[in-house]
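Here is the structure we will look at, set down as structure tokens.
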Amino acid sequence: MSQTSVVVHPDADAMAQATAARLIVRLIDAQSHRGTASVVLTGGRGAAAIYAAVRDSPARDAVDWSKVDLWWGDERFLPSGDPERNETQARAALLDAVPLDPARVHPMPASDGPDGDDPEAAAGRYSDELALAGRAGSPSLPPFDLVLLGVGEDGHIASVFPEHPAAYDTRTVTAVRGAPKPPPVRITLTQVAINTATEVWLIAAGAGKAGAVGLAMAGGGPVQLPAAGVQGLERTLWLLDREAARDVSPRLRSLR
Ligand SMILES: O=C1O[C@H](COP(=O)(O)O)[C@@H](O)[C@H](O)[C@H]1O
């Protein structure tokens with residue numbers, strides 16, 4: 001039975017610190033349970049602050065980073081090393097500072113990668129990489145202990161934007177063209193893939209996110225508000241600051 005929880009923090013900084021602590025514990029728990037931990041990373045401002053807080057926490061040494069599998073929920077389809085790539089930002093904030101096994105780090109392809117400037121081929125390549133690491137069956141994906149997702153002002157998660165084809169896609173990975181937020185070309189896991197995770201954490205800070213968060217939590221449609229269409233198999237956790245939680249009804253805030 002899946003559980004939905006909401007945690008409201010005083011501000012964005014407190015949220016980043018608390019979420020970093022929570023993430024470290026999640027990795028430790030997954031490793032105690034099955035030896036490894038598998039996390040799908042997100043991009044955006046909130047995520048960068050969380051990654052930096054993990055990097056700066058002495059507790060990070062309790063994680064066996066050589067046994068962490070990292071995947072990405074979405075990527076801006078730009079050349080490798082571009083500062084706008086989610087991979088570049090995660091590496092700068094955390095990944096370059098911890099002893100990961102490079103073979104367990106799975107960035108989405110870049111626009112100067114093996115498929116060149118062809119996002120559909122790159123999405124297919126990432127889908128194959130997931131399937132190779134995955135369980136047989138449909139969808140063929142590795143077990144994800146946790147998917148982290150930023151929530152956009154319009155309610156997008158990963159690069160699944162409201163009313164866009166990706167919000168209807170039933171494959172695991174898809175290319176996005178014409179995204180309303182730059183850059184227009186992206187690659188994203190779909191809601192189908194995200195919803196195979198044991199836990200999904202949705203992160204939002206600031207008043208600009210309040211409308212989307214309030215509507216998604218009140219039961220918006222998954223195509224109109226992609227954030228409303230994701231949940232973990234065991235747990236869905238909304239991690240908010242006070243401003244982003246402004247429109248969440250008190251009844252939902254006390255969900256546990
Ligand atoms: O473009 C993106 O935006 C979302 C949200 O970012 P934020 O800065 O508003 O937190 C992010 O989750 C996604 O990974 C990224 O590609």
Side-chain angles (χ1 to χ4, degrees), residues 9 11-20 23 39-54 70-80 82-95 106-111 119 122-123 126 144 146-162 164 166-167 173-191 193-194 197 200-216 222 225-230 236-241 243-246:
H9 306 82
D11 55 39
D13 187 48
M15 190 183 94
Q17 297 295 333
T19 304
L23 175 56
V39 179
V40 178
L41 299 175
T42 187
R45 293 155 290 177
I50 293 164
Y51 302 153
V54 171
L70 293 179
W71 301 89
W72 268 261
D74 76 309
E75 190 51 275
R76 294 130 181 213
F77 196 54
L78 296 166
S80 179
D82 188 292
E84 291 300 315
R85 269 179 66 84
N86 291 335
E87 176 196 358
T88 312
Q89 294 174 2
R91 287 194 188 275
L94 173 63
L95 311 192
H106 304 273
M108 288 183 162
S111 62
Y126 203 63
F144 298 139
L146 172 63
V147 174
L148 291 169
L149 295 170
V151 180
E153 276 87 353
D154 57 358
H156 79 265
I157 42 92
S159 285
V160 182
F161 290 90
H164 264 240
V173 188
T174 191
V176 175
R177 291 180 183 269
K181 177 179 177 181
V185 183
R186 293 157 171 259
I187 300 174
T188 190
L189 295 195
T190 60
Q191 289 156 309
I194 292 166
V200 171
W201 297 359
L202 297 116
I203 302 154
K209 312 267 170 109
V213 168
L215 280 173
L225 269 174
V230 289
T236 309
L237 187 53
W238 288 82
L239 297 165
L240 310 173
D241 76 347
E243 290 186 334
R246 189 193 61 204

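For the single chain, residues carry numbers from 1 onward in sequence order. Numbering of ligands and ligand atoms starts at 1, following listing order.
- Look at His156 and you'll find a heavy atom under 4.0 Å from some atom of ligand 1.
- Listed by atom number, the atoms of ligand 1 under 4.0 Å from Gly150 heavy atoms are 12 (O).
- The Lys209 neighbourhood of ligand 1 comprises atoms 7 (P), 9 (O), 10 (O), with distances under 4.0 Å to a heavy atom of that residue.
- Nearest non-hydrogen protein atom to atom 14 (O) of ligand 1 is Asp74 OD1, 2.6 Å.
- Residue contact check: Gly44 has heavy atoms under 4.0 Å from atoms 6 (O), 7 (P), 8 (O), 10 (O) of ligand 1.
- A heavy-atom distance below 4.5 Å is found between the side chains of Leu202 and Thr236.
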Got a list of side-chain donor-acceptor pairs under 3.5 Å for residues 175-187, not counting sequence neighbours?
residue	atom	partner	partner atom	Å
Arg177	NE	Glu120	OE2	2.9
Arg177	NH2	Glu120	OE1	2.9
Arg186	NE	Pro183	O	3.0
Arg186	NH1	Ser159	OG	2.9
Arg186	NH2	Lys181	O	3.4
Arg186	NH2	Pro182	O	3.0

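- Proximity of a side-chain donor or acceptor of Asn86 to a complementary backbone N or O of Asp74 within less than 3.5 Å is detected.
- Closest heavy-atom contact between Ala193 and Leu189: CB-CB, 4.2 Å.
- Residues Glu87 and Met108 are not in side-chain contact: their nearest non-hydrogen atoms beyond the backbone lie 4.5 Å or more apart.
- By the criterion of a heavy-atom distance under 4.0 Å, the side chain of Asn86, and not its backbone, is placed next to ligand 1.
- At the shortest separation from atom 11 (C) of ligand 1 among protein heavy atoms lies Gly43 O, 3.3 Å.
- Residues Pro107 and Arg91 approach most closely at CG-NH2, 4.0 Å, considering heavy atoms.
- Looking from atom 12 (O) of ligand 1 to the surrounding protein, the closest heavy atom is Thr42 OG1, 3.0 Å.
- Residues passing the ring-ring contact (aromatic ring centres under 6.0 Å, His included) test with His9, sequence neighbours excluded: none.
- Here the shortest heavy-atom distance to atom 5 (C) of ligand 1, taken over Arg76, Lys181, Arg45, belongs to Lys181.
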